[in-house]
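Read the structure below first, then the notes.
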There are 2 protein chains.
Amino acid sequence: MISQSATDKQREILNAALKLFVEHGFHATPTSKIAKEAGVANGTLFHYYNTKDELIVALYVDIKTRLSACMNVGENGHLPIKEKCKAFFIGALNWGMENMTEFRFVQQFMSSPYLLMLAPEEIQKQSRVAMDLINEGIKAKVLKKMPVEFIHTLLSSQLFGINQYLMTTKPTPAAQKKLIEESFEMVWGMISV
Amino acid sequence: MISQSATDKQREILNAALKLFVEHGFHATPTSKIAKEAGVANGTLFHYYNTKDELIVALYVDIKTRLSACMNVGENGHLPIKEKCKAFFIGALNWGMENMTEFRFVQQFMSSPYLLMLAPEEIQKQSRVAMDLINEGIKAKVLKKMPVEFIHTLLSSQLFGINQYLMTTKPTPAAQKKLIEESFEMVWGMISV
DNA sequence: TTGCAGATTGACTAATCACTCCACAAAAGT
DNA sequence: ACTTTTGTGGAGTGATTAGTCAATCTGCAA
């Protein structure tokens, strides 16, 4: 029932929804098409998600959870702050490149009115780790003394931008790696003292 | 007939559409509600725009045109490149703050499948001025020698990010001005040699 | 075997929506 | 004055959609 132990069918529904939402937008994809793409009856969809909106929000939370899970693997509490930031930055970038559809969905969701359906605490939870890291950097006087929220926004938007660039230009893996490294150094130069 | 000499009613329709699209999203705002909000009959809307999609795209082009018109006022071809960039950057930022709804709409539009409905040349035209400026900067060895597209993406995403931050935190005008100035210096440090 | 709870189905419905159509009004032209 | 073009209105329409429901299926515990 809870998304943590998602059924096969539930996964199929989420996958189908993700694909179609990114392709056609939220409202332009009927629930019937989602069900068909998932190989599931119409009613089954509504057995798991009471409304279409609920499905959309659930999909967002699911993706964010998968991203977070992917980011926490490297337990690198001992590294210097810059390295921790770098791991975070590059990790997020790589995840975005390996999950382009998910990335596009998040972008679409975040600049849509659906964002308001998310509980504020849920939004906060997503960026908690990054915020802590930035706070640590500021306290250690490694990062510029500016509002944490501001630095976080700069970092996030930069991640979005670079990802978008990589998605549209599709460089070779080698060129991509180089560009990502360079990007981080540029961004780091911007936010560090 | 052409949007350059928009009728009163046409303007009302665009204004109403803008407001409702930002509030509820594209598909969640019926054309009937747009007409009502504009104080116009249902049929009148379809007299000016054959389809809802056409209206959406027209609205995007209209906003982009207004932004461009606002950016070209300062004929500052004689200034050093940094100052030209700064004027551009700060101009865009101020426009965004004075036209939050328009800004939100553009953001929503750009991360939606509607973007594909725009002719590629139309997209290119919008960023032409910025691209020329960046090219000039690279040739003069003032900016880092990197793909123009990449620098442009970095700048754009930064603009989006800062705007978003300002919109959510709503600082005092003085604090806002200071933050904008600082932001530019940070970004400039990132992209200049 | 029996019984039961949750899963699954797909036909069905009430509502909604994009868009049409035609009547009429206001300019614009002649 | 009169014809044409253009703008405006709003009821109407066919298609589509989110969500329902009663029936069937599945696995499992007693």
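In what follows, chains are A, B, ... by sequence order, proteins preceding strands, each numbered from 1. Because the structure is predicted, anything quoted here is derived from the model rather than measured.
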Out of C/dT9, D/dT8, C/dA7, whichever nucleotide has its closest atom nearest the side chain of B/Y48: D/dT8
Proximity to the side chain of B/H47 - top-ranked nucleotide from C/dT9, D/dT8, D/dG9: D/dT8
Sequence-distant partners of A/H27, ring-ring contact (aromatic ring centres under 6.0 Å, His included), two or more places apart: A/Y114
Give a yes or no answer on whether the side chain of [X] reaches the backbone of [Y] with a donor-acceptor pair at less than 3.5 Å.
X      : Y      : result
A/K52  : A/F26  : yes
B/T51  : B/E54  : yes
A/S127 : A/A130 : no

Counterpart residues, side chain to side chain contact (heavy atoms under 4.5 Å, CB included), relative to B/A87 (two or more places apart): B/N76
Side chain to side chain contact (heavy atoms under 4.5 Å, CB included) partners of B/M97, counting only residues at least two apart: B/M100, B/N163, B/L166, B/M167, B/Q176
Footprint string (nucleotides 14-19 of chain C, 5' to 3'): B base within contact, S backbone only, - free, heavy atoms under 4.0 Å: ---SBB
Could you state the atom-to-atom distance from [atom1] of [X] to [atom2] of [N] in whole Å?
X     : N      : atom1 : atom2 : result
A/Y49 : D/dT20 : OH    : P     : 17 Å
B/E12 : D/dG7  : CD    : P     : 17 Å
A/K36 : C/dT8  : NZ    : C1'   : 17 Å

With A/D132 via salt bridge (charged side-chain N to carboxylate O under 4.0 Å, His left out) - residues at least two apart: A/R128
side-chain hydrogen bond (donor to acceptor under 3.5 Å, both in side chains) partners for A/Q164, two or more places apart: A/Q107
According to the salt bridge (Lys or Arg N to Asp or Glu O under 4.0 Å) rule, which pairs have a member within [range], sequence neighbours left out?
range                       : answer
residues 99-114 of chain A  : A/R66-A/E102
residues 139-151 of chain B : none
residues 28-51 of chain A   : A/K19-A/E37

Helical bend (five base pairs per end, nearest 10°) for the helix from C/dT1-D/dA30 to C/dT30-D/dA1: 10°
Can you check nucleotides 22-24 of chain C for protein contacts, nitrogen or oxygen pairs under 3.5 Å, and list what you find?
none

Under 3.5 Å, which N/O atoms of the protein pair with N/O atoms of nucleotides 25-28 of chain C?
none

